[in-house]
Colleague: 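The structure is given below, and queries will be raised subsequently.
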There are 2 protein chains.
Amino acid sequence: MKTFARSKNQFRVIIENISPVINNGEYAIKTICSQPVNFEADILCDGHDVLRAEICIKKTGARKVNIVQLTHKDNDRWQAETSLNEEGNFVYFIRSWVDWPLTWLNGIRKKIADNQSVTSELLEGATYLQDSLNFAPKKGHKRIKELINLFQVIDNHKEAISVLRTEELDVLFKDYPTRHLATSSQEFPWKIERKKALFSTWYEFFPRSSSTKKEHGTFKDCEKLLPRVAAMGFDTLYFPPVHPIGEVNRKGKNNATKAESNDVGSPWGIGSEKGGHISLHPDLGTEKDFLSLINKAKKLGIEIAMDFALQAAPDHPWVKKHPQWFKWRPDGTVQYAENPPKKYQDILPIYFETEDWKNLWDELLKTALYWVESFGIKVFRVDNPHTKPFEFWGWLIQNVQKKYPDVLFLSEAFTRPKIMEQLAKQGFTQSYTYFTWRNNKHELTTYLNELTKTNLKYYFRPNFWPNTPDINPFHLQYGNESLHLQRYALAATMSSNIGVYGPVFEQMVNAGVAGKEEYKDSEKYEVRHWDWHKENKITEVITLINKARNTSEALQQTNNIEFLEIDNDQLIAFYKWNFDNTDKKLIVVSLDPHYSQKGWVKVPLHKWGIHEGHPIVVNDMLTGNSYHWDREWSYIELHPVLPFHIFDVSL
Amino acid sequence: MKTFARSKNQFRVIIENISPVINNGEYAIKTICSQPVNFEADILCDGHDVLRAEICIKKTGARKVNIVQLTHKDNDRWQAETSLNEEGNFVYFIRSWVDWPLTWLNGIRKKIADNQSVTSELLEGATYLQDSLNFAPKKGHKRIKELINLFQVIDNHKEAISVLRTEELDVLFKDYPTRHLATSSQEFPWKIERKKALFSTWYEFFPRSSSTKKEHGTFKDCEKLLPRVAAMGFDTLYFPPVHPIGEVNRKGKNNATKAESNDVGSPWGIGSEKGGHISLHPDLGTEKDFLSLINKAKKLGIEIAMDFALQAAPDHPWVKKHPQWFKWRPDGTVQYAENPPKKYQDILPIYFETEDWKNLWDELLKTALYWVESFGIKVFRVDNPHTKPFEFWGWLIQNVQKKYPDVLFLSEAFTRPKIMEQLAKQGFTQSYTYFTWRNNKHELTTYLNELTKTNLKYYFRPNFWPNTPDINPFHLQYGNESLHLQRYALAATMSSNIGVYGPVFEQMVNAGVAGKEEYKDSEKYEVRHWDWHKENKITEVITLINKARNTSEALQQTNNIEFLEIDNDQLIAFYKWNFDNTDKKLIVVSLDPHYSQKGWVKVPLHKWGIHEGHPIVVNDMLTGNSYHWDREWSYIELHPVLPFHIFDVSL
C-alpha cells in the first residue's frame, strides 16, 4: 500500500486514468512523425479553484520539454491532441496545478459584478503580478510593474478595475504560469519510428526460385527481378532464410520425412557444415552478390527484409560449439522440436531455459547486428517469435534499436490474441494478423474496429497478408481471379502495412493439400519455377492499387478509418483520412466474386461538415472515372471484373 | 521506458491486466471478512508448455502466505475467487510458472498413446521426481523414491507406464509444485475491515433537539431516546457537531446573516471562547455526560458517530493560536469562506496551502484521535471532505487506522462523481451517494449497476440516505406517506449501508424553502422540538424493514444484486444473495405513491438452478404472507399502503 510521503502531500491535484498508457507505462506507445495522439487524463482537485494542466514531452536524455495545454472536456476529464516531428524515444507526463492568479481573477470579477468592495482583492492581485515577474520575460516587466502600481495604489483602483475588464491579465497569467505546487504524473514512454513502420508494401518470394531457367536461383537472378517488383509498387522485398540448410534429417518435397539426395530442404532448417545464422547459402551466391542485390534494391526504393528464424538444424555449427544452448535428453540425444505426438526432427529449438542464457542472448543479438552492420539490413521478419520468451524480444529489439533506431521487426506470430499483443508491446514494429481469415463484412468490421478503436491502435501495427508460404487460405485455394483482386484490395486499403507472397498469388497457383491450408508442392521444400515475365489482370490491378497507396496519405495510415452504412451485406464501405484531414478516400469493396452487387452507401457528409445538396466529386483512382454526388445516400454497383472502388473525395 | 533487467529476464511468464486493482495498486481494494473477491489476470507464456498460477495473499508485515490456485478461464485469462477471515491490511500478488513436470506428463502420455518409444522420457520423469523430493513432505518420500526407481530402471518401465495411467503423478506434481523460474506480479493492497464497514443502519438527530420539553436538549436527554432508536433497529447514531458554536458572525434562524441574541447558531460553525474541536458545547453537557451516553448506547448495540467538520468559526481558538492556518487578506482581515459572489462569514476555511501544513495536519490527526482515545468513538461522518486536499485524507485515515483499524469514516461529499470516487480511494470507509436524487426505475437501475458492477464495487461503499439535514429532496417535500415508505424501502434493500435524518422523515416535517432542497425552520439554525413518543406507520415500517435487514445476510451486503425483468415501469424488482448464496431475497418496490401497480416479474429460476414447474415459496418478511410460485413469470400487485415486498425465497 502507498505510504503517504508527507514531503509531497501538499500537492492538491490528483492526476489519474491517463490515456494512452500501455501496462502502466511499462511499454511504449508508438507513432511515426506527425501522427497525432489524443492524450487524456482525469484531473481532480478539492474545492472550486481554477485548475490548469499540460502534457510535457521530452526526448529521452534531453532537457528540453515540449508543453501542450490540456483542456477540460467534461466530468473532470482533460484532453489534448498532439504529434511530434522527430524520431526517437520520448517520454510524456502530465502536470497540473491550482492556478492561484486565475482563481483570483475569477473571484474578483464576480465580486465586481456584484458591486462588492474589492480593495483587498486588488492588493492581492498585486502580489500575483509581483510573482509573475519571476516567470514573464524581461520585455514584459515594464508593463507588469505599471500594473502592480495600479493594483497597489488605492487611488488607481478605478483604473485597475478597468484593466480587469480586458483580457490582459488572463493572457499574462496563462502565458507565464507559476506552476506553484504542481503535481506531475509518472513518465510514460513514446517511441517515434520512421515512416515505414506505419506504411510498407511487402513482396515475398523465395530467392532460390528466382531463376528464369530451370535452375536453383541466385542473388544475381533476384537482382533481375527487382525492376518488376519496383514497377509493381512494392517497397519491401522479403526473403525466407538465405542461410545454409541443414542436411541431417532434412525434409523432402511436400514435407516428406526423408529427403531425396537432390532435395533442397526447408530454408527454415537453418545451419549445416557450411555455416549458420551469419552465413549465406552457397547456392544463392556470395556475400558480395547479396550486398550487390541489397544495394541495387535500395536504388529502386526497395529494402530487403531478412528472416530472423531462431532455430537450428541438427548440423548447425551452434550445436557443436554451444551444446548447452540445446536441450539434451537423458538418452544422450538432442531434443528436436515436437508437439506430441508430432515430431519435427529437422529442427532443434533453442533452449532458452539454459543456464548459459546470457551468452546465448548475446550471440543472438550479435547475429541480428551482423546483418545490420555488414549488409545494411534494416527490416527483419521474425519467424515464430511466440515460441521464444517475450522478455528476450523486448531486450533484443531494444538493444538493436539503441544502436540502429531505424531497424524494423515484423512479428510472424499467428496465435492467440494476447500473445500477439504482448509481442507488439515488447517492441515489434509490425505484426501479422488474422486478416487472412476475416472474410465477411461482420468479421472484417469487427476486426478493424478492434485494431483501430481500442488500445491496440497505440502499439500493435497490423500488417495484412492475403497469403503467406505457410498459409494458403481455403478461400484462395478455391477462389477465382475476382476473389484475389478483392482480397488484395481489402488488405491494401484497410491496412497501411501489407504484404503478399507474390508469384503464387499473381498466378493463382493455389492448389492445396487436402483439408489443409498448405500448398501442394510447397516452395518451402523445393525450388519452384515461375513465369517471371507474366503480366495479367492480377499484376495489373496490384500495380494500380499500390500506385494509389503510394500517392495517398489517407492510405498510408491504418487507424483513421470509419465504416459506412451500406444496405447490402456483400458490399463493405469505409472512408479513411490522413493526419491533417486534407486527403479523404472512400472505399467500397464487393465481397461477392461471382455476381454483381449494388447498394446505397451513406456518405459521411456530416463528418465532412457539408450538407446534403452540396455536390461532391468522387474520383475512382483505378479507372479514372468521376462521379458527382449530392445526396447522403449514393448508389454503388460493383462487378466481379473490378470488385472495388477507391474513390478520392473532393468536397 | 522499461530497461530490461537481464538478471530477471529468464522468466518466461508474463502476468498482466490484473483485476481488481485500483490505480495500479496505489489504493487498496476493500472487503470485510468472508466477502469474496474474484481475482483475474492475463497470464501468458511463449510456446505450448503447461502453466500454473496462483494468488498469494499475506498480511502486511507477516510472513505466512495464503495461496489459492488460479484456473484458466478462456483466452489466456485466469481466475480465482477467495475471501479472508481476518481483519487488517493485506497484500496480494499473482505468481505463475511453466510447470516442467506437468508439461512432461502431458507429452509422454501423448507419445504413449501414439505407441512411441518413451525410454528417454521416462528417465526424464525420474529427474522431475528427484526434484520433487525437495518440495514434498518427508512422509511421501518413500513412495517417491519407489517411483524414481520405476522410472530409472529400464526393466521397470512397463510398470512406470502403468503408473502414468493413474492420477498419482498429477496429484504429486500439483500438490508440491517446484515453482522454478516463477514470475511474480507486483503486490497490491487489500484492506479487510470490520463488518460495520459494509452493514450499518444510521439514525441522525440533533442532540440539542433531544429534549421532550421546550428546552435546549442535552446528552442526558439523548440517553433517554436510545431505547427508541435501538427498538427501531438502528445500530449507528450520528450527531451533527457537538462542539461550542462560534458567536462572531453567527447565523440566525433560517440561515439569516445576523443572529438574534438567543439564536443557537449552526453546529457546523465550530469554535468559540468556550473551545474548539476537542471541546463539547456546554449546553449539551459535560464530558462525563457524553461518555455516559456513548456507553449506554454501546450497551444497546448502538455506536455514536461524530461529525468531523474541519472549519472554524472566526472566534475558534485556533485562529488566535495558529493564525498561519488561516488565510490572511492584504487588508489584514481573515479569509472567510466564499464562493463569489456568495459569502459565508460565519465560517473560516482552513488554509491547507499554509507553509505550516505539517503542524496543521498533526493537529487535525490529534483531534480525531482525541475522540477515539478519550471517548471510544469509532465512527466519524466527515463533513465536506472534498474541500480539503485528497492526500490529507489519505494520510489522516491511514494514520488513525494504523492505531485503530476499526475506526470508520463516512464521506459526506455530494459532488462530481470522480471527486467522490477519489475520496473513497483515499480510504473513506463509506460514502454518501446520489441515491437521494435517483427516483425512477431507469435512474435507480443504472446507478446501482454502476456502483455494484464496475470497479467501484471494490473501493466505494455506498451509504444510501433518503434525506439529510442538508438535503430535503423535492419529492419528499411534496411526498405522501407511501412515498416515504417507498424511499426507505428502496434505500434499505438496495444498499447495506443506509441512514436517515430521523424525526423529520418519520413525522414528514418536510416543508421546504421555496425552490430549494432545504428545510424551512431548519434544525441547522435552531432548536426544534419533536414528539419523541410518536409512533406511526412510518416508524412501524422502518422498524420492520430494519428487522428484516438485521436478520438477512443477503441484505447485509450491496454488490450481490441483480435486477429482474418486470413488465411495468412503476415496479422495480431485484434479488440479492449473501456471500455463500444460502440466503436469497427477492424485492419488489412500487414507485407509484398514489395508485396500485401490478405486473409480472421474471423469477430468476435459471440462476437458481431450478426449472419452471419446480415450486418455490416466497415469504413476505413484513406481512408474513407466503406465496407459492412455480412459473418463471409471477404476478405482483402493490398498493400504496405497503408499496413493497421483501420476499425470503425458499427453493
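Just so it is clear, the values below take in all heavy atoms, side chains as well, and ignore hydrogens, waters and symmetry mates. Please read all numbers here as calculations on a predicted model, not as lab measurements.
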Colleague: Using non-hydrogen atoms and a 4.5 Å limit, figure out which bit of B/I112 sits close to chain A: side chain, backbone, both or neither.
Modeller: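 Interface part for B/I112: neither.
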Colleague: For B/E124, is it the side chain, the backbone, both or neither that has a heavy atom under 4.5 Å from a heavy atom of chain A?
Modeller: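 For B/E124, backbone and side chain are both near chain A.
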Colleague: Go through the side-chain N and O atoms of B/K425 and B/N23 and say whether any donor and acceptor fall under 3.5 Å apart.
Modeller: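 Per modelled atom types, B/K425 and B/N23 side chains form a pair under 3.5 Å.
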Colleague: What part of A/L122 gets within 4.5 angstrom of chain B, counting heavy atoms only: side chain, backbone, both, or neither?
Modeller: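 Neither part.
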Colleague: Check ring pair (Phe, Tyr, Trp, His ring centres under 6.0 Å) between B/W97 and all other residues, then give those that pass, not counting sequence neighbours.
Modeller: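 Expected list: none.
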Colleague: Taking the six-membered ring for Trp, are A/W104 and A/Y128 parallel (under 30°), tilted (30 to 60°) or perpendicular (over 60°)?
Modeller: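 Correct class here is tilted.
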Colleague: Below 4.5 Å, heavy atoms only, C-beta onward: do B/F188 and B/I18 meet side chain to side chain?
Modeller: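 Yes, close enough: below the 4.5 Å cut-off.
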Colleague: Taking every heavy-atom pair that is under 4.5 Å apart, which of A/N75, A/T119, A/L423 has the most such pairs with chain B?
Modeller: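 That would be A/N75.
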Colleague: Checking the side chain of A/N399 only, and the main-chain atoms of A/W395 only, is there a donor and an acceptor separated by less than 3.5 Å?
Modeller: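 Judged by distance alone, yes, a pair lies under 3.5 Å.
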Colleague: Can you tell me which of B/G47, B/P417, B/P385, B/P341 forms the most heavy-atom pairs within a distance under 4.5 Å of chain A?
Modeller: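 Most heavy-atom pairs under 4.5 Å with chain A: B/P341.
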Colleague: Counting only heavy atoms closer than 4.5 Å, note whether B/W100 contacts chain A via side chain, backbone, both or neither.
Modeller: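 Side chain only.
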Colleague: What residue in B/T127, B/D331, B/N384, B/I419 has the most heavy-atom pairs under 4.5 Å with chain A?
Modeller: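 Highest number of heavy-atom pairs under 4.5 Å: B/D331.
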Colleague: What residue among B/Y27, B/F390, B/W393 forms ring pair (Phe, Tyr, Trp, His ring centres under 6.0 Å) with B/F428?
Modeller: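 Only match with B/F428 under ring pair (Phe, Tyr, Trp, His ring centres under 6.0 Å): B/W393.
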Colleague: Given 3.5 Å as the limit, does a donor-acceptor pair link the side chain of B/K30 with the main chain of B/I192, or not?
Modeller: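 No; zero donor-acceptor contacts below 3.5 Å.
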Colleague: Please state whether the side chain, the backbone, both or neither of B/T415 comes within less than 4.5 Å of a heavy atom of chain A.
Modeller: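 For B/T415, there is no contact with chain A at all, as no heavy atom is under 4.5 Å.
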Colleague: Where does the angle between the aromatic ring planes of B/F90 and B/W190 fall among parallel (under 30°), tilted (30 to 60°) and perpendicular (over 60°)?
Modeller: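 Rings of B/F90 and B/W190: tilted, as their planes differ by 30° to 60°.
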Colleague: Taking every non-hydrogen pair under 4.5 Å, which of B/H180, B/K343, B/Q422 racks up the most with chain A?
Modeller: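 Ranked by heavy-atom pairs under 4.5 Å with chain A, first place is B/Q422.
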Colleague: Counting heavy-atom pairs closer than 4.5 Å to chain A, which one of B/P340, B/G107, B/S120 comes out on top?
Modeller: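 Sorted descending by pairs with chain A, the first entry is B/S120.
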Colleague: So what's closer than 4.5 Å to chain A heavy atoms on B/E338: side chain, backbone, both or neither?
Modeller: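 Side chain only.
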Colleague: Is the side chain of B/R12 donor-acceptor paired with the backbone N or O of B/V98 at a distance under 3.5 Å, no angle test?
Modeller: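 A pair under 3.5 Å: no.
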Colleague: What residue, out of A/K110, A/R329, A/E353, A/K111, has the most heavy-atom pairs lying under 4.5 Å from chain B?
Modeller: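 Result: the option with the highest number of such pairs is A/E353.
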Colleague: Tell me whether the centres of the aromatic rings in A/W357 and A/F352 are closer together than 6.0 Å.
Modeller: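 When the ring centroids of A/W357 and A/F352 are compared, they turn out to be at least 6.0 Å apart.
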Colleague: Flag the one option from A/P330, A/G332, A/A413, A/P349 with the top tally of heavy-atom pairs under 4.5 Å to chain B.
Modeller: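 Most heavy-atom pairs within the cutoff with chain B belong to A/P330.
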Colleague: Which bit of B/N24 comes within less than 4.5 Å of chain A, counting heavy atoms only: side chain, backbone, both or neither?
Modeller: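 Looking at B/N24, just its side chain touches chain A.
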Colleague: Quick check on B/K388 against chain A: is it the side chain, the backbone, both or neither that has a heavy atom closer than 4.5 Å?
Modeller: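 For B/K388, backbone heavy atoms alone lie under 4.5 Å from chain A.
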Colleague: Who wins among A/N339, A/T387, A/T354, A/N106 for the most heavy-atom pairs under 4.5 Å with chain B?
Modeller: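 Option with the top pair count is A/T387.
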